[in-house]
Amino acid sequence: LGQSGIEVRLFAPKDPLIPGITWEAMHPENFDHALRSAKGVISSAGSQLISECIALRKPHFALHAPRDDEQGLNVAMLKHFGLGEGAAFDAWDRASIQSFLEGLEHERPPLPTFAYDTHSAVQEALEFLVGCP
């Protein structure tokens, strides 16, 4: 990524001193600003960041441990719904990353419409629990 010519910002506890990559310590406001302004995200697979990328319509390439079935499933769902790409840490290659980077320049398709949104489900559950509409 450091050789791609694309601005790369890395949020991590420690600076890995990689040429071509700008390191930043983890800071919620800075991370939020960077995420909102990013063309895309490459990260380790984590459900929260995947969800944030989907909500913000940010293409996401998520990497996961080879035997991490949960994160492997998250990546499979990203691919299935056309919301991102990903691979196990031991299975990615330069071609897959290059294809992802090239895709950042294209128009993003609209998000799929899901039958039931989370907000409605939580609202109905709360109304049921407190006994009022």
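Here the structure is a predicted model, which is why all the values come from computation and not from measurement.
Nearest heavy-atom pair, Ala87 versus Ala91, reported as atom, atom and distance to 0.1 Å: CB-C, 4.3 Å. Shown here for Cys53 and Val41, the closest heavy-atom pair between the two residues is SG-CG2, 3.7 Å. When all heavy atoms of Phe11 and Met26 are compared, the closest pair comes out as CB-SD, 3.3 Å. In terms of heavy atoms, Trp23 sits closest to Pro13 at CZ2-O, 3.8 Å. Taking all atoms of both residues into account, the shortest heavy-atom contact from Val8 to Gly20 is CB-O, 4.2 Å. Considering all non-hydrogen atoms of both residues, Leu49 and Ser43 come closest at CD2-OG, 3.3 Å.
Remark: side-chain polar atoms of Ser37 are paired, donor with acceptor, to backbone N or O of His33 under 3.5 angstrom. Using a distance-only test at 3.5 Å, with no hydrogens or angles considered, a donor-acceptor pair links the side chain of Lys79 to the main chain of Gly86. The backbone N or O of Leu1 lies less than 3.5 Å from a partner atom in the side chain of Ser4, making a donor-acceptor pair.
Between Phe89 and Ser44 the shortest side-chain heavy-atom distance falls below 4.5 Å.
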Please lay out, stage by stage, how Lys39 and Glu7 fare under the test salt bridge (charged side-chain N to carboxylate O under 4.0 Å, His left out). CA-CA 10 Å; Lys39 286 185 176 184; Glu7 178 188 359; over 6 Å; no
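Rounding to the nearest 0.5 Å gives a distance of 10.0 Å between NE2 of His60 and CD of Glu52. One finds the CZ atom of Phe61 at 4.0 Å from the CD1 atom of Ile97 (value rounded to the nearest 0.5 Å). Note that CD1 of Ile50 and CG of Leu83 are 10.5 Å apart. Values are rounded to the nearest 0.5 Å. Here the CG-CD1 distance, from Asp15 to Ile21, works out to 9.5 Å after rounding to the nearest 0.5 Å.
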Could you list the donor-acceptor pairs under 3.5 angstrom formed by side chains in residues 62-70, with sequence neighbours left out?
residue : atom : partner : partner atom : Å
Asp68   : OD1  : Glu70   : N            : 3.3
Asp68   : OD1  : Gln71   : N            : 3.1

